[in-house]
Amino acid sequence: MKTSLAEQGTRIFACLAPRPPEPPKESASRAGRNLWLAVPTAIVLLAILGLSLIRMELFVGLVVIALGIALWEMAGALKAGQFTIPLGPLLIGQCIMLIATWNRGLDAAILIYFLTCAVAIVWNARRPMGVTDAIAGCFALGWLGLIGNFAVAMAAMPNSALVILTFILLPVANDTGGWLVGILVGRHPIAPSISPKKSWEGFAGSTVATLLVAWLMCGHLLGMEWYWVIAFGVTTPIFATAGDFAESLLKRDLGVKDMGSLFPGHGGMLDRIDSILFCAPVCYFLFAFGFGLF
């Protein structure tokens, strides 16, 4: 029996609709993840990022796609907590915000954020618990889209390719250094009730790794003064760790393990960019002051 075009569209929409993420498979590895999957995935992601830096428009497009996926994942995770956010208006608003930042700067993005929140509330106003769901959506849009705009704003800075590469490599170094030192000698958890695998020893490893990357990228390639190197190397572990903890708290409250399963060995998009997002505003202001843009 042939299905109508409307029925086919309904089925496609049902497949694309966000849903609560499934629990990841348990790993027996001390590393806490399947390294045979995680390492190649990380290399591919860095390669895609590197290719996008050939032209900043490509990088902006990559940010739009990545944050769109992250917002879709967030909608599914919030469903686990009985929140149904107005995903359509939020996705459109987030896309407009990011493009507006590229063309008009951060001021335009902030205005569009509040306009999108207003549209989301009106959109949901007649539904039971609609306003509550809309406010949860505004929170998600602020966490992802509003903070993500600082990454797009950095793409308009002098030496933008090196600036973006530095901005990404700093939290990557933080995660890698903390993970490596943590699994080798980690003994004292920072906040065991939030993230039992995060240790003070790992935090020290994160700081050393980010200082090395800051010394190479900021000090040598971008020619910034030594005190900016220290500023990047010290603040990155603090805000990247805060990003990890914030997502861990949210996942615990929603009762999910990962935000998604898009990347083998890494979880979802938001699991991969949580620390990067929290570092975006800090890196933006440090670069802006360091380059004398303010």
Side-chain angles (χ1 to χ4, degrees), residues 45-68 70 94-113 142-177 206-207 209-240 242-243 272-294:
L45 291 175
L46 287 173
I48 293 172
L49 171 68
L51 290 173
S52 75
L53 297 181
I54 295 173
R55 289 185 61 87
M56 284 300 105
E57 291 86 353
L58 293 176
F59 172 73
V60 173
L62 183 63
V63 173
V64 170
I65 294 171
L67 292 180
Q94 179 173 270
C95 182
I96 295 173
M97 283 169 58
L98 296 167
I99 295 173
T101 298
W102 174 244
N103 287 288
R104 299 293 182 180
L106 285 169
D107 292 345
I110 294 172
L111 174 62
I112 294 168
Y113 169 73
W143 188 348
L144 301 175
L146 195 58
I147 295 179
N149 276 287
F150 286 94
V152 175
M154 279 185 274
M157 288 183 172
N159 297 313
S160 54
L162 278 177
V163 166
I164 294 298
L165 188 60
T166 302
F167 154 63
I168 298 295
L169 288 180
L170 282 167
V172 168
N174 170 85
D175 292 348
T176 305
S206 294
T207 304
T210 52
L211 280 169
L212 288 173
V213 170
W215 169 76
L216 173 64
M217 300 299 295
C218 300
H220 283 265
L221 295 182
L222 287 169
M224 302 180 77
E225 297 291 343
W226 63 270
Y227 43 84
W228 291 114
V229 172
I230 294 176
F232 277 100
V234 171
T235 56
T236 297
I238 296 173
F239 284 90
R272 191 81 308 271
I273 65 172
D274 54 356
S275 58
I276 295 175
L277 275 175
F278 264 58
C279 290
V282 181
C283 286
Y284 170 81
F285 285 110
L286 288 177
F287 278 127
F289 282 112
F291 292 152
L293 301 179
F294 284 159

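Counting from 1, the numbers follow the sequence of the chain as shown.
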Gap between atom [atom2] of [Y] and atom [atom1] of [X] - 0.5 Å precision:
{"X": "Ile164", "Y": "Leu49", "atom1": "CD1", "atom2": "CG", "answer": "8.5 Å"}
{"X": "Asn159", "Y": "Thr166", "atom1": "CG", "atom2": "OG1", "answer": "9.5 Å"}
{"X": "Asp274", "Y": "Phe278", "atom1": "CG", "atom2": "CZ", "answer": "8.5 Å"}
{"X": "Ile230", "Y": "Cys218", "atom1": "CD1", "atom2": "SG", "answer": "11.5 Å"}
{"X": "Leu98", "Y": "Asn103", "atom1": "CG", "atom2": "CG", "answer": "11.5 Å"}
{"X": "Leu169", "Y": "Leu212", "atom1": "CG", "atom2": "CG", "answer": "12.5 Å"}

What is the minimum heavy-atom distance between [X] and [Y], and which atoms define it?
{"X": "Leu277", "Y": "Pro281", "result": "O-CD, 3.4 Å"}
{"X": "Phe291", "Y": "Pro158", "result": "CE1-O, 4.1 Å"}
{"X": "Ala173", "Y": "Ala209", "result": "O-CB, 3.4 Å"}
{"X": "Ser160", "Y": "Met56", "result": "OG-CG, 3.4 Å"}
{"X": "Val234", "Y": "Leu211", "result": "N-CD2, 4.5 Å"}
{"X": "Pro171", "Y": "Cys279", "result": "CB-SG, 4.2 Å"}

Taking it one step at a time, do Leu62 and Leu58 satisfy side chain to side chain contact (heavy atoms under 4.5 Å, CB included)? CA-CA 6 Å; Leu62 183 63; Leu58 293 176; over 6 Å; no
Where do Trp215 and Trp226 land on the side chain to side chain contact (heavy atoms under 4.5 Å, CB included) test, with the steps shown first? CA-CA 8 Å; Trp215 169 76; Trp226 63 270; over 6 Å; no
Phe287-Phe232 aromatic ring centre distance below 6.0 Å: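 For Phe287 and Phe232, the ring centres are under 6.0 Å apart.
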Among Leu165, Val229, Leu216, Leu162, which residue satisfies the side-chain contact (heavy atoms from CB on, under 4.5 Å) criterion with Leu222?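 The residue from Leu165, Val229, Leu216, Leu162 that satisfies side-chain contact (heavy atoms from CB on, under 4.5 Å) with Leu222 turns out to be Leu162.
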Would you say [X]'s side chain and [Y]'s backbone share a donor-acceptor pair under 3.5 angstrom?
{"X": "Thr235", "Y": "Ala231", "answer": "yes"}
{"X": "Asn174", "Y": "Leu170", "answer": "no"}
{"X": "Thr236", "Y": "Gly233", "answer": "no"}

In the structure I gave you, are the side-chain heavy atoms of Leu106 and Val152 within less than 4.5 Å of one another anywhere?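 No, side chains not in contact.
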Heavy-atom count check: over 12 atoms from other residues, nucleotides or ligands less than 6.0 Å from Phe59 CZ?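 Yes, CZ of Phe59 has more than 12 neighbouring heavy atoms, counting only those of other groups under 6.0 Å.
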Is there a side-chain hydrogen bond (donor to acceptor under 3.5 Å, both in side chains) between Asp175 and Ser206? Walk through the geometry before answering. CA-CA 7 Å; Asp175 292 348; Ser206 294; over 6 Å; no
